[in-house]
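Some notes on the structure that comes next.
Numbers restart at 1 for each chain; the letters A, B, ... are given by sequence-line order, proteins then strands.
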There are 2 protein chains.
Amino acid sequence: MREPTFLVLTALAAGPQHGYAVIEDVATMTGGRVKLRAGTLYAALDRLRGDGLIEVDREEIVQSRLRRYYRLSASGARALASESARLREQAAIAEKRLRARGVSGAVAPVT
Amino acid sequence: MREPTFLVLTALAAGPQHGYAVIEDVATMTGGRVKLRAGTLYAALDRLRGDGLIEVDREEIVQSRLRRYYRLSASGARALASESARLREQAAIAEKRLRARGVSGAVAPVT
DNA sequence: CCAGCATATACCGATGAACGGCATATCGAA
DNA sequence: TTCGATATGCCGTTCATCGGTATATGCTGG
């Protein structure tokens, strides 16, 4: 699972949202670092729907414009949980090794 | 940065290693989940070298076979640190939202 | 009055990392 | 002698993401 996909699932973990709201949520969540393109978002939404990780919650017409709300499915929640556990574990390993490096000074073994 | 790339940097954070050893380290690190293909590894190594994130540490001839050791550069260590911080933060956000969901039961608002 | 911006969904070509397989080479074990 | 482990390297394919464009409406400013 790539970063944008993970962030889309994270956005929907907060509750049902429509596409455009997901783009804004992800931008806020990442401090403006990740700005999902429309192409990326709707492709990801279609793919995740095909994989059964998200579902269409409801559709609304607001100002004669369609708003399609998506929600995380049960298996989507499981996928997000296992993915974030993986991320957390890998980050922990990397940080542990970096700390060990910093202490021993493995890069420049001058002493 | 994608997962395989991150794992290669994490492997080298433990100290200089040659390509094949990185494959094994990554496999061990991930409990056998990620088995880097030769194509993925050496392409990543070349790319990371081009980006200055890793450097060739030394070359050895063991049993008339070449062994090229790579090490993390200073900028590679910085990149790995910021990347793992990002991973940790995103995992924290996702897990917080999942916990909130579990408690309130946002998926099935039956109650 | 209408040009531009925000909202909102959707399509499409290009890019590039990763995948999977293959080639090459040596050594030890079955 | 064939197979598996070690070890590097190449190459075609796949696929998610990127970036741009199209479509449509409502609001705001010059």
When you get a sec, tell me which of [options] is the closest nucleotide to the side chain of [X]?
X      : options                  : result
R65(A) : dA8(C), dT8(D), dC18(D)  : dA8(C)
H18(A) : dG19(D), dT9(C), dT8(D)  : dT9(C)
R67(A) : dT17(D), dA8(C), dT26(C) : dA8(C)
Y42(A) : dA16(D), dG9(D), dT9(C)  : dT9(C)
R68(B) : dA18(C), dA16(D), dG9(D) : dG9(D)

With sugar-phosphate meaning primed atoms plus P, OP1 and OP2, does [X] contact a base, only sugar-phosphate, or nothing at under 4.0 Å between heavy atoms?
X      : answer
S64(B) : sugar-phosphate
A38(B) : base
E24(A) : sugar-phosphate
G19(B) : sugar-phosphate

Is [X] close enough to [N] that one of its side-chain N or O atoms is under 4.0 Å from OP1 or OP2 there?
X      : N       : answer
Y20(B) : dT6(D)  : yes
R37(A) : dG19(D) : yes
T5(A)  : dT17(D) : yes
R47(A) : dT17(D) : yes

Roughly, in whole Å, what's the span from [atom1] in [X] to [atom2] in [N]?
X      : N       : atom1 : atom2 : value
D46(A) : dT9(C)  : CG    : P     : 12 Å
L41(A) : dT7(C)  : CG    : P     : 14 Å
R2(A)  : dC15(D) : CZ    : P     : 12 Å
R58(A) : dT9(C)  : CZ    : P     : 12 Å
L36(B) : dT6(D)  : CG    : C1'   : 16 Å
D51(B) : dA17(C) : CG    : P     : 8 Å
I61(B) : dA25(C) : CD1   : C1'   : 12 Å
E83(A) : dA16(D) : CD    : C1'   : 14 Å

TODO: Using a strict 4.0 Å threshold on nitrogen-to-oxygen distance, state whether E3(A) and R2(B) make a salt bridge.
DONE: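 So E3(A) does not pair with R2(B) through a salt bridge.
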Open item on the list: Less than 4.0 angstrom from a charged side-chain N to a carboxylate O is my criterion; do R97(B) and D25(A) meet it?
Closed with: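 Looking at D25(A) together with R97(B), the answer is yes, because their closest N to O distance falls below 4.0 Å.
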Any side-chain heavy atom of [X] sitting closer than 4.5 Å to one from [Y]?
X      : Y      : value
R88(B) : E95(A) : yes
Y69(B) : E60(B) : yes
E59(B) : R67(B) : no

- [ ] Return the 5'-most residue of the pair G39(A), Y70(B) with respect to DNA chain D, ranking by each residue's nearest nucleotide.
- [x]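 Upstream on the strand: Y70(B).
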Open item on the list: For residues L80(A) and V34(A): do they belong to one hydrophobic cluster (side chain heavy atoms under 4.5 Å, members Ile, Leu, Val, Met, Phe, Trp, Tyr)?
Closed with: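 Hydrophobic grouping puts L80(A) with V34(A).
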Task: Residue whose closest nucleotide on DNA chain C lies nearer the 5' end, T40(A) versus L66(A) - done: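 Per heavy-atom nearest nucleotide, the more 5' residue is L66(A).
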